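Only a predicted model underlies this, so the values are computations on that prediction, with no experimental measurement involved. Quick note: numbers below take in every heavy atom, side chains included, and nothing from hydrogens, waters or symmetry partners. In the text below, chain A, chain B and the rest are named by the order of the sequence lines, each starting its count at 1.
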Amino acid sequence: MMEPILEARHINKYFRKPVLFHVLKDINFKINKGEFTSIMGKSGCGKSTLLYILSTMDTDYDGELLLNNQLITGAERNELSYIRNKYVGFVFQFHYLLPEFSVLENVILPAKKLGEKSIEEIISDGHDKLKILNIEHLATKRASQISGGEKQRVAIARALINNPSIIMGDEPTGNLDSHNADNVFNIFRQLSDEQNLSLLIVTHDEDFAKQTDRIITMGDGRIIS
Amino acid sequence: MVNWNLILNIAKTHLLTKVKQTSIAALGVTFGIGAYITLVCFMTGLNTMLDDLILNQTPQIHIYNEIKPSNQQPISLYEELNNSIKVVHSIKPKITQKKIHNVLPIIDYLSNNSNVEAVLPQIKTQIFYIAGSIEIGGNLTGFEPIKEVEHFNLNNYIIEGSATALNNIDNSIIIGAGIAEKMSLKIGDRVQVSPLEGGFFPLKIVGIYQSGIADVDAIQSFTNIKTIQRILGKPKNYITDLNLKLYDINIAPQLSKEIENQFNLRAIDIQTANAQFETGTTVRNLITYAVSITLLIVAGFGIYNILNMLIYEKMNDIAILKATGFSGRDVQLIFMSQAMIIGFVGGILGLLIGFGLANFIGTLPFNTEALPTIETYPINLNPLFFLIGFSFAMISTFIAGYLPSKRAEKIDPVKIIRGQ
Ligand SMILES: Nc1ncnc2c1ncn2[C@@H]1O[C@H](COP(=O)(O)OP(=O)(O)OP(=O)(O)O)[C@@H](O)[C@H]1O
Ligand SMILES: [Mg+2]
């Protein structure tokens with residue numbers, strides 16, 4: 001029984017400046033629960049643009065977006081913030097942490113925002129996530145004082161903190177050496193296999209993509225396969 | 001629902017990791033508020049002093065029996081001429097007494113008026129001062145020294161001796177500094193006074209008076225009511241002037257008119273007697289507030305700049321926060337709280353510094369002929385100024401923080417993330 005987590009229906013997007021540019025053309029696909037999907041495609045074909053729409057950060061598009069079978073297109077900004085907080089984990093190419101905060105603080109900030117658990121539970125969750133990523137020893141360090149590979153793992157821990165429905169990543173390994181990239185891939189693989197987490201990862205790395213459950217290939221704003 | 005704990009925590013972390021910028025912004029507020037407090041305490045202190053110069057020497061309502069031609073000439077009482085034009089040439093005032101008729105009931109009546117703080121009866125007369133062969137003309141005023149001290153700060157003008165001694169020592173006098181100098185008299189000496197009606201009365205000098213106005217100090221002396229009544233050979237109910245002190249100076253013009261109508265006496269209010277007084281005060285206050293508000297606005301711009309810079313530096317953080325589920329409003333509140341914290345800390349510091357500086361100014365020596373008893377600059381530490389200063393710190397930081405924080409609210413995380 002396939003349970004769709006994320007569904008895109010006829011998504012079109014235009015950039016109006018500097019000239020009218022049809023960047024995404026009739027995108028249709030579904031991501032099912034527990035599926036580990038990668039998106040590939042030439043540079044400039046619209047992968048990041050699509051991911052920003054799927055992650056609800058970009059609302060300027062035509063078509064429909066469904067998360068957990070609920071239409072979220074046209075929802076209010078505050079509601080989208082809530083959806084992003086609770087159901088979507090996002091990992092960027094550049095590790096994007098808050099540099100003044102400790103590693104643990106960075107990880108648990110979205111949980112504090114969600115405010116569903118007591119602070120003790122949240123901290124204990126934070127330690128659990130750090131443990132999954134093998135960086136528990138960094139918990140009290142300043143986020144600005146750890147290595148790039150470590151930062152990327154902290155970002156993944158942060159994406160996991162609210163047990164989201166789906167994790168999206170825009171070239172999360174793009175900035176890492178092959179060792180660290182493998183490491184991150186293994187973590188994703190494990191989350192998918194063991195926790196039945198859905199993942200949608202944009203990558204340029206063929207080896208990475210080949211080991212995922214499914215590859216979506218894009219070209220010139222369309223899904224090719 | 002806003003999670004204030006979380007928002008304040010983030011705001012605090014931002015501020016603490018940018019101690020330098022935070023301190024500069026807070027110091028801007030501190031400077032503005034501190035300067036405002038110092039200035040306003042100092043300026044209003046001076047203002048009050050200048051006002052007092054006039055208020056202490058001018059009764060708020062002065063009641064006396066004016067010598068002037070009567071408005072109604074006897075001819076107008078003659079009914080047969082009612083419809084004709086009457087011309088009376090060369091009207092002269094009738095010679096009447098200077099004393100106020102029936103003064104004791106009037107004093108009682110006015111004392112019971114709820115607007116009146118005090119009624120101070122006085123007797124004014126002209127005399128000659130005689131010491132040895134010198135004879136100088138002058139004014140002698142009889143009054144109730146204790147009341148004058150209490151309501152008109154008489155003590156500020158007694159440079160030697162004391163006003164209360166007038167009550168304690170019989171036949172005593174306080175003489176103007178100018179007379180004392182001219183006749184080389186000092187406390188404890190005797191001076192002879194002679195009223196226009198004749199006779200000599202030796203009086204003991206118990207104090208020296210200096211108003212700061214040389215012309216006054218060269219002729220004016222004071223004694224108590226009993227003594228002057230004795231000198232003039234008048235009974236106890238002989239009073240020539242009544243001075244009123246009111247709780248609210250603003251009703252003086254109206255009350256003086258009522259008194260004129262009711263008692264058929266002349267009653268002059270302070271506003272009429274000193275038209276320039278109000279104008280001067282208003283202009284000085286205006287200057288004080290114009291300067292203060294300028295200072296506070298400059299401080300406000302400082303905060304605006306720093307906060308704008310802070311937000312510029314924190315673009316990435318804003319994008320991350322928004323990408324991980326913080327709403328625009330959360331982000332705005334984070335930056336607003338930073339502004340308000342800066343305003344609060346800077347404002348409190350400014351109040352303290354202003355308080356310190358104002359007190360310091362209050363210890364600086366200040367000598368003026370006009371106010372012989374004042375030795376340091378007058379300052380006015382009115383709690384209201386501190387309240388205004390603090391409110392302004394909060395309001396101006398709110399406004400200065402609002403625009404940048406609104407900008408942070410609007411920042412599109414996608415743009416920032418793409419920008420990398
Ligand atoms: N703000 C914008 N305004 C106009 N055009 C844009 C804007 N952002 C991106 N584009 C264009 O849209 C196209 C798709 O961009 P996008 O970043 O989605 O590509 P991508 O597939 O992620 O490429 P890469 O693999 O290099 O990251 C590009 O041709 C880019 O030039
Ligand atoms: Mg991209």
Problem - Flag side-chain contact, heavy atom, 4.5 Å: A:L97 against A:R158 - result: yes
Practice task
For the residue pair A:F92 and A:F90, categorise the inter-ring angle as parallel (less than 30°), tilted (30 to 60°) or perpendicular (more than 60°).
Solution key: tilted
Practice task
Using non-hydrogen atoms and a 4.5 Å limit, figure out which bit of A:I83 sits close to chain B: side chain, backbone, both or neither.
Solution key: neither
Problem - Pairwise side-chain contact, A:L6 with A:L65, heavy-atom cut-off 4.5 Å (strictly under) - result: yes
Handout entry: Aromatic ring pairing A:F36/A:F188, orientation class (parallel under 30°, perpendicular over 60°, tilted between)
Key = perpendicular
Problem - Contact winner vs chain B - A:M57, A:E105, A:E100, heavy-atom pairs under 4.5 Å - result: A:E100
Problem - Options B:L321, B:T17, B:D412, ranked by heavy-atom pairs under 4.5 Å with chain A, top entry - result: B:T17
Handout entry: Side chain, backbone, both or neither of A:T49 within contact of chain B (heavy atoms, under 4.5 Å)
Key = both
